[in-house]
Asks: 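Pasting a structure here, questions to come.
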Amino acid sequence: MEIEETIIEVEMEDEAIPAPIPKGPPKIQRLEECVVNRLAAGEVIQRPVSAVKELIENCLDADSTSISVVVKDGGLKLIQVSDDGHGIRYEDLPILCERHTTSKLSKFEDLQSIRSMGFRGEALASMTYVGHVTVTTITMGQLHGYRATYRDGLMVDEPKACAAVKGTQIMIENLFYNMAARRKTLQNSADDYPKIVDLISRFAIHHTHVSFSCRKHGAGRADVHTITTSSRLDAIRSIYGVSVARNLMNIEVSDTGPLNSVFKMDGFISNSNYIAKKITMVLFINDRLVDCGALKRAIEIVYTATLPKASKPFIYMSIILPPEHVDVNIHPTKREVSLLNQEFVIEKIQSVVGSKLRSSNESRTFQEQVRTTYLTVA
């Protein structure tokens with residue numbers, strides 16, 4: 001009897017719960033332009049090192065031969081990038097930091113033959129939505145330069161005449177001042193300065209015709225300081241040290257077969273004497289610093305199979321393909337690209353790397369055997 005009463009009570013409680021009122025679909029609304037721009041800016045400029053990369057690529061597009069970077073508080077307080085490039089026209093300053101203003105292309109089809117690092121006209125605009133930007137520039141033939149400040153994609157006041165040295169200086173202050181969560185995350189994480197130093201080091205060993213320097217604000221000594229050189233190995237030696245450079249082997253790959261597989265690669269890979277706990281891979285495709293996870297994994301597989309006891313390798317590679325074979329417009333920060341016949345290119349490089357490692361390892365084994373025999377005889 002008690003069981004029946006309990007069941008009845010439960011049924012009455014269940015019946016007492018009101019059924020949920022069905023809700024209609026949420027209303028779709030158009031976001032305000034300032035919200036859209038800030039969302040886009042947070043994707044393009046993900047952290048201070050992202051801003052430095054964009055600015056250095058602008059310097060390279062301006063045919064600079066000297067690039068200097070100064071950083072304060074990991075780039076949150078200050079990023080200052082100076083170059084000796086061709087400068088910015090006075091009449092272009094009012095629209096310089098508007099979204100999608102660029103000198104790199106005029107129509108979408110231009111992407112098929114793009115050779116410049118930048119092309120979207122988003123980076124500078126994005127910086128003005130998450131930081132305070134000041135630009136100082138002078139072009140050839142001008143008696144003085146001009147300085148302009150920008151906020152939210154717009155020039156604040158008319159450019160002011162000022163003293164200036166050849167080229168352009170762009171200063172970003174208070175990065176992510178209006179993105180509390182992003183700024184707090186970056187302040188609580190490791191300092192971005194080592195990432196900036198690593199980035200500039202990578203640019204320096206590829207663009208050997210450009211001198212680079214990077215230092216913390218207020219520091220007397222630069223953490224990166226390179227001079228122009230005709231030797232890639234000398235550039236690697238000056239950045240990564242003698243112990244790395246002396247254990248590198250030159251490698252070259254080319255394929256001039258069918259039109260859709262034309263490419264050329266040259267670079268340096270570490271031998272079995274190289275010792276490191278993590279892989280260092282510096283990859284440039286058509287002079288653009290990028291990541292390629294598939295190529296990185298393919299090379300690691302070769303090293304593991306050929307030199308089982310070897311440490312993680314050091315890899316520098318420069319791959320040149322026809323511009324129309326590279327899609328540079330697949331990533332917000334242009335960190336990745338898509339290649340025509342990518343699998344073929346990777347397999348070709350992987351094969352040559354494997355052959356180079358095997359021949360090097362066999363030569364080393366033979367030399368050790370000869371040395372051991374000589375010591376036994378002696």
Side-chain angles (χ1 to χ4, degrees), residues 45 48 51-98 101-104 116-118 121 123-175 177 193 196-197 199-200 203-204 207 209-228:
I45 308 300
V52 174
K53 181 176 183 290
E54 295 286 355
L55 292 176
I56 288 178
E57 289 178 342
N58 281 349
C59 297
L60 295 170
D61 285 340
D63 298 325
S64 304
T65 60
S66 176
I67 300 173
S68 172
V69 180
V70 178
V71 176
K72 185 176 182 181
D73 287 355
L76 292 177
K77 280 288 181 68
L78 171 71
I79 294 172
Q80 179 180 290
V81 178
S82 310
D83 68 48
D84 63 349
H86 51 53
I88 302 166
R89 300 171 187 267
Y90 172 79
E91 55 269 28
D92 290 338
L93 288 173
I95 65 168
L96 175 66
C97 292
E98 290 183 12
T101 56
T102 179
S103 61
K104 314 298 171 57
S116 62
M117 300 299 103
L124 279 177
S126 295
M127 294 173 201
T128 68
Y129 285 103
V130 294
H132 303 139
V133 175
T134 303
V135 177
T136 305
T137 188
I138 186 170
T139 56
M140 187 180 296
Q142 286 185 325
L143 298 177
H144 57 77
Y146 290 95
R147 180 175 292 121
T149 57
Y150 298 86
R151 300 289 183 277
D152 297 330
L154 301 175
M155 188 169 66
V156 176
D157 294 306
E158 288 295 310
K160 295 180 174 59
C162 65
V165 295
K166 180 188 176 186
T168 301
Q169 180 188 90
I170 296 182
M171 185 166 60
I172 310 170
E173 296 174 286
N174 302 318
L175 193 61
Y177 74 97
Y193 185 69
I196 294 172
V197 169
L199 174 79
I200 295 171
F203 274 114
H207 296 281
H209 61 287
V210 179
S211 63
F212 289 85
S213 72
C214 177
R215 63 180 175 85
K216 289 184 178 180
H217 181 264
R221 182 176 176 274
D223 294 291
V224 177
H225 180 69
T226 67
I227 58 174
T228 57

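Note that the numbering runs from 1 along the sequence shown for the chain.
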Asks: What heavy-atom pair brings M171 and L78 nearest, and what distance separates the two atoms?
Replies: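 Shortest heavy-atom separation between M171 and L78 comes out as CG-CD1, 3.3 Å.
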
Asks: Is the count of non-hydrogen atoms from other residues, nucleotides or ligands lying under 6.0 Å from H86 atom NE2 greater than 12?
Replies: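 Yes, because the 6.0 Å sphere around NE2 of H86 holds more than 12 heavy atoms from other groups.
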
Asks: Ignoring hydrogens, what is the shortest heavy-atom contact between S213 and S68? Give both atom names and the distance.
Replies: OG-OG, 3.3 Å

Asks: A side-chain contact here means heavy atoms from C-beta on lying under 4.5 Å apart; do T136 and C162 qualify?
Replies: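 Yes, side chains in contact.
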
Asks: Supply the atom-to-atom distance T128 OG1 to L124 CG, rounded to the nearest 0.5 angstrom.
Replies: 8.0 Å

Asks: Of the non-hydrogen atoms in P48 and G75, which two are nearest, and what is the gap between them?
Replies: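 Closest approach of P48 to G75: CB-CA, 4.0 Å.
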
Asks: How long is the span from the CZ atom in F203 to the NZ atom in K53, to the nearest 0.5 Å?
Replies: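 With rounding to 0.5 Å, CZ (F203) is 5.5 Å from NZ (K53).
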
Asks: Are L96 and L93 packed together at the side-chain level, in the sense that at least one heavy-atom pair is separated by less than 4.5 angstrom?
Replies: yes

Asks: Could you check whether any side-chain heavy atom of C214 comes within less than 4.5 Å of a side-chain heavy atom of Y193, counting everything from C-beta outward?
Replies: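 They are in contact (side-chain heavy atoms under 4.5 Å apart), so the answer is yes.
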
Asks: Around R151, counting heavy atoms of other residues, nucleotides and ligands shown, do more than 12 lie under 6.0 Å from its CZ?
Replies: yes

Asks: Any idea which heavy atoms bring S211 and T228 closest together, and the distance?
Replies: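 Nearest heavy atoms, S211 then T228: N-CG2, 3.8 Å.
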
Asks: Ignoring hydrogens and geometry, is there a side-chain-to-backbone donor-acceptor pair from D84 to T65 under 3.5 Å?
Replies: yes

Asks: Tell me whether Y146 contacts the main-chain N or O of K160 through its side chain, where contact means a donor paired with an acceptor under 3.5 Å.
Replies: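 Here the side-chain-to-backbone pair does not exist.
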
Asks: Any chance you could measure Q80, atom CD, to L55, atom CG, to the nearest 0.5 Å?
Replies: 11.0 Å

Asks: Side-chain contact test, heavy atoms from C-beta onward, threshold under 4.5 Å: evaluate it for R147 versus T134 and give yes or no.
Replies: yes

Asks: Please test I200 against I67 for side chain to side chain contact (heavy atoms under 4.5 Å, CB included), starting from the C-alpha separation and ending with a verdict.
Replies: CA-CA 10 Å; I200 295 171; I67 300 173; over 6 Å; no

Asks: Can you see which heavy atom on E98 is nearest to which on L154, and at what distance?
Replies: OE2-CD2, 4.4 Å

Asks: What verdict does the side chain to side chain contact (heavy atoms under 4.5 Å, CB included) test give for T149 and H132, after you've listed the backbone C-alpha separation in whole Å, the side-chain angles of each residue and the deciding distance to 0.1 Å?
Replies: CA-CA 8 Å; T149 57; H132 303 139; over 6 Å; no

Asks: Taking atom CD as the centre, does E158 end up with more than 12 heavy-atom neighbours from other residues, nucleotides or ligands that are less than 6.0 angstrom away?
Replies: no

Asks: Without placing hydrogens or testing angles, list every side-chain donor-acceptor pair under 3.5 Å for residues 137-145, not counting sequence neighbours.
Replies:
residue : atom : partner : partner atom : Å
T137    : OG1  : I88     : N            : 2.9
T137    : OG1  : G167    : O            : 3.4
T137    : OG1  : T168    : OG1          : 2.9
T139    : OG1  : Q142    : OE1          : 3.3
Q142    : OE1  : T139    : N            : 3.0

Asks: Salt bridge (charged side-chain N to carboxylate O under 4.0 Å, His left out) with K77: which residues, sequence neighbours excluded?
Replies: D73

Asks: How close do A222 and R215 get, heavy atom to heavy atom, and via which atoms?
Replies: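 Reported closest heavy-atom pair: CA-CB, 3.7 Å.
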
Asks: Less than 4.5 Å apart, side chain to side chain, heavy atoms only: is that true for Y150 and M127?
Replies: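 When only atoms from C-beta onward are counted, M127 and Y150 do not touch, as no gap falls below 4.5 Å.
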
Asks: So, taking the atom named NZ in K166 and the one named OG in S66, what distance separates them when rounded to the nearest 0.5 Å?
Replies: 10.0 Å

Asks: When rounded to the nearest 0.5 angstrom, what is the spacing between CD1 in I45 and CD1 in I79?
Replies: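 Going from CD1 on I45 over to CD1 on I79, the span is 8.5 Å.
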
Asks: Mind checking the CG-CG spacing from D83 to N58? Nearest 0.5 Å is all I need.
Replies: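 Answer rounded to 0.5 Å: 9.0 Å.
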
